[in-house]
*Asks:* 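My questions will all concern the structure given below.
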Amino acid sequence: MWSGANRAAEEFYAGLLQEFDENKKGIRKDPFIYEADIQVQLISKGQPNPLKNILHENETIFIVEKVPLEKEEPSPIEELQSEDTAISDLSTGENVGLLALPIGRARQLIGFYTMAHNPNMTHLKINRPVTALPPLWVRCDGSDPEGISWLGAELISTSSNITGIVLYMVTCKVDKNYSVNLEDLKKSHKKRHHLSTLTASGFAQYELFKSTALDDTVAASQTTITLDISWSPVDEILQTPPLSSTATLIVKHDAAAVDGSIECLLTVRGDLDFAEQLWCKMSSSVISYQDLVKCFSLVIQSLQRGAIQPWLHSGSNSLLSKLIHQSYYGTMDTVSLSGTVPVQMLLEIGLDKLKKDYICFFIGQELASLNHLEYFISPSVDTQEQVHRVQKLHHILEIVVSCMLFIKPQHELLFSLTQSCIKYYEQNPLDEQHIFQLPVRPTAVKDLYQNEKPQKWRVEINSGQKKVKTVWQLSDSPPIDHLNFHRPDFSELTLSGSLEERISFTNMVTCSQVHFK
């Protein structure tokens, strides 16, 4: 029995170590398979993390789960049937290909991880000193009486030795009528860890705005504006965060939700020059390459004859602007309207117009100065880079408009958000999935949250050691993505219900320490 367990621990550790080493070398590969039915993958910092709704740390971890069943190719009849049953499957919460393991198997794997790192297990065929691996988390199916959904193990180590391990247990359940007392949580924590002092820190997340589809014909929008607030100490469960808290505004936009509103806010400027007016007319009437060539040919011929002497804004840098300036003096370069030249000319005058539109908006709203926008409107880079920078500026506009429309914050907050976005995009590539975070003073946003119920409320009890904690969390969405929870009929829910009135999910994270002697 023990020889089998020892061999299994050796093999499990060897697989984890190989995955870890290859990841450090930048070798990307599929999850490694252990004993045919289990897969393990290393989640690096910054990658989507299935534990993000439970533990707010962003670190490298191993995720252990069941190998998903391969689905057979459906026949045409099965495909038709699947369309009929898709809605019913969703309504019952059926999760095809569950990846969770029974609690007994999960504990066994946690045991192998612990054995391999225990310096007293010298009989194991493992190279010494043992390489300290990232934390290991195992998906559990919640079928045990406690409803365990995750088991985790994290090493306690010094600069040179592994001294022990912290074992985590996560439980989750639907609990509309939850009953928990902060003092009871503290007593339980003290009893488990035999510590006399502790701190209780709180976290609340308020969903200030989340756009949704109103019917089946419109795709669901993903614009979300949330307010995260942290504070300590916590006085009671579901405490309203005090004004001394630390607050952050997380903005994520969806272009479809704000594009129409941008058109309304970006009023048509009354100072369009010739090139900008030409771009407006061409963008609505030119439908082919031949139309494009014909249009620019007519303009250039008119300039050559002196039939028109249009005016331009200073700072225009397009080829057409150059030709117009030359026409003032009766000499113009010869331009061959072939190949990509007409398209390039159209792109250039469009870029010039968009830059001026954005300058007008940000300066007019007193959100930025010309100096702040210099990076985004500079003509000193090639056309492709100019396009990229204007795209960044448009994304900033979408973020700002989302806040202006949906939460109507004070100007001070909008200004800070704009400056934060500008600073980010001066140093980073365009990322429309990026969540912008802006530290704010709770007093500046108190009207947005003090009379609202949070979408997530969490208390973390700690004893001065980061890894020794008890976490209790209440949320209005399931924090566990691999378990099925009974969902009430939509008739049971109210659109404006508070956190207590809506279906609620509670989850607990508890831990225990094992010291290697």
Side-chain angles (χ1 to χ4, degrees), residues 202-211 221-232 239-255 257-267 269 355-377 389-390 392-428 430-456:
F203 170 85
Q205 184 175 85
Y206 294 85
E207 195 172 79
L208 304 182
F209 176 81
K210 182 176 183 179
S211 53
S221 167
Q222 298 300 315
T223 295
T224 55
I225 304 175
T226 58
L227 182 68
D228 290 355
I229 306 182
S230 303
W231 72 98
S232 183
Q239 173 189 359
T240 299
L243 294 179
S244 58
S245 304
T246 300
T248 303
L249 190 70
I250 298 183
V251 180
K252 181 181 179 182
H253 95 291
D254 173 57
V258 296
D259 274 352
S261 302
I262 287 176
E263 293 179 8
C264 298
L265 289 172
L266 282 177
T267 55
R269 294 174 15 239
K355 289 176 184 178
K356 292 185 178 69
D357 286 345
Y358 295 148
I359 290 171
C360 182
F361 172 82
F362 285 109
I363 293 180
Q365 295 288 335
E366 299 182 344
L367 298 174
S369 68
L370 201 57
N371 287 338
H372 292 141
L373 301 174
E374 176 60 29
Y375 165 84
F376 302 96
I377 62 175
R389 294 186 183 188
V390 168
K392 292 179 180 182
L393 199 55
H394 184 80
H395 190 213
I396 296 174
L397 179 69
E398 291 173 330
I399 293 291
V400 172
V401 168
S402 295
C403 288
M404 290 176 68
L405 292 174
F406 303 138
I407 64 173
K408 298 178 174 59
Q410 298 173 0
H411 181 269
E412 172 194 359
L413 186 58
L414 271 180
F415 178 82
S416 298
L417 177 62
T418 305
Q419 295 301 311
S420 176
C421 294
I422 286 174
K423 185 176 180 179
Y424 174 83
Y425 271 140
E426 284 177 341
Q427 302 172 353
N428 296 281
L430 177 68
D431 179 7
E432 295 188 349
Q433 300 304 311
H434 181 72
I435 299 176
F436 287 91
Q437 296 181 325
L438 177 68
V440 296
R441 293 180 293 106
T443 52
V445 291
K446 64 180 181 179
D447 294 339
L448 298 176
Y449 78 88
Q450 283 197 325
N451 294 321
E452 300 296 327
K453 299 297 181 182
Q455 273 60 48
K456 185 184 295 182

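As a basis for the values below, the full set of heavy atoms in this structure was taken, side chains included, without hydrogen atoms, waters or symmetry mates. The shown structure was predicted, so the numbers you read here are calculated from the model rather than taken from an experiment.
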*Asks:* Keeping the roles fixed (side chain from Gln419, backbone from Leu367), state whether a donor-acceptor pair exists under 3.5 Å.
*Replies:* yes
*Asks:* For the atom pair CG (Leu397) and CE (Met404), what is the distance rounded to the nearest 0.5 Å?
*Replies:* 9.0 Å
*Asks:* Looking at side-chain heavy atoms only, is the closest gap between Leu373 and Leu393 below 4.5 Å?
*Replies:* yes
*Asks:* Out of curiosity, Lys446 NZ to Thr240 OG1, how far, rounded to the nearest 0.5 Å?
*Replies:* 13.5 Å
*Asks:* Provide the closest heavy-atom pair for Phe436 versus Cys421 in the form atom of the first, atom of the second, distance.
*Replies:* CD2-SG, 3.7 Å
*Asks:* Would you say CD of Glu366 has more than 12 non-hydrogen atoms from neighbouring residues, nucleotides or ligands within 6.0 angstrom?
*Replies:* no
*Asks:* What's the shortest heavy-atom distance between Ile225 and Ser402, and which atoms?
*Replies:* CD1-O, 3.8 Å
*Asks:* Determine whether a donor-acceptor pair (N or O, by modelled atom type, separation under 3.5 Å) exists between the side chain of His372 and the backbone of Phe362.
*Replies:* no
*Asks:* Which heavy-atom pair separates Asn428 from Tyr424 by the least distance, and what is that distance?
*Replies:* ND2-O, 2.8 Å
*Asks:* Minimum heavy-atom separation for Ile407 and Leu208, please, with both atom names.
*Replies:* CG2-CB, 3.6 Å
*Asks:* Looking only at heavy atoms, which two atoms of Tyr449 and Pro241 are closest? And how far apart?
*Replies:* OH-O, 3.4 Å
*Asks:* Quick one: does Gln455's side chain have a donor or acceptor within less than 3.5 Å of a partner on Glu207's backbone?
*Replies:* yes
*Asks:* Looking at CD of Gln205 and OG1 of Thr248, how far apart are the two atoms once the value is rounded to the nearest 0.5 Å?
*Replies:* 11.0 Å
*Asks:* Apply side chain to side chain contact (heavy atoms under 4.5 Å, CB included) to the pair Phe376 and Lys355, showing each step before the final yes or no.
*Replies:* CA-CA 8 Å; Phe376 302 96; Lys355 289 176 184 178; over 6 Å; no
*Asks:* Do you know which two heavy atoms are closest between Leu413 and Leu249, and how far apart they sit?
*Replies:* CD2-CD2, 4.0 Å
*Asks:* Evaluate the side chain to side chain contact (heavy atoms under 4.5 Å, CB included) criterion for residues Ile435 and Thr226: first the C-alpha distance (whole Å), next the side-chain angles of each, then the deciding distance (0.1 Å), finally the verdict.
*Replies:* CA-CA 10 Å; Ile435 299 176; Thr226 58; over 6 Å; no
*Asks:* Under 3.5 Å, side chain of Tyr425 to main-chain N/O of Asp431, donor-acceptor pair present?
*Replies:* yes
*Asks:* Does the pair Val390 and Tyr358 meet the rule for a side chain to side chain contact (heavy atoms under 4.5 Å, CB included), with working shown?
*Replies:* CA-CA 9 Å; Val390 168; Tyr358 295 148; 3.8 Å; yes
*Asks:* Show your working on side chain to side chain contact (heavy atoms under 4.5 Å, CB included) between Leu417 and Cys403 and close with a plain yes or no.
*Replies:* CA-CA 9 Å; Leu417 177 62; Cys403 288; 3.5 Å; yes
*Asks:* Distance check, rounded to the nearest 0.5 Å: Lys408 atom NZ versus Leu448 atom CG?
*Replies:* 11.0 Å
*Asks:* To the nearest 0.5 Å, tell me how far Tyr206 OH sits from Lys456 NZ.
*Replies:* 13.5 Å
*Asks:* May I ask you to decide if Glu412's main-chain N or O and Ser416's side chain share a donor-acceptor pair within less than 3.5 Å?
*Replies:* yes
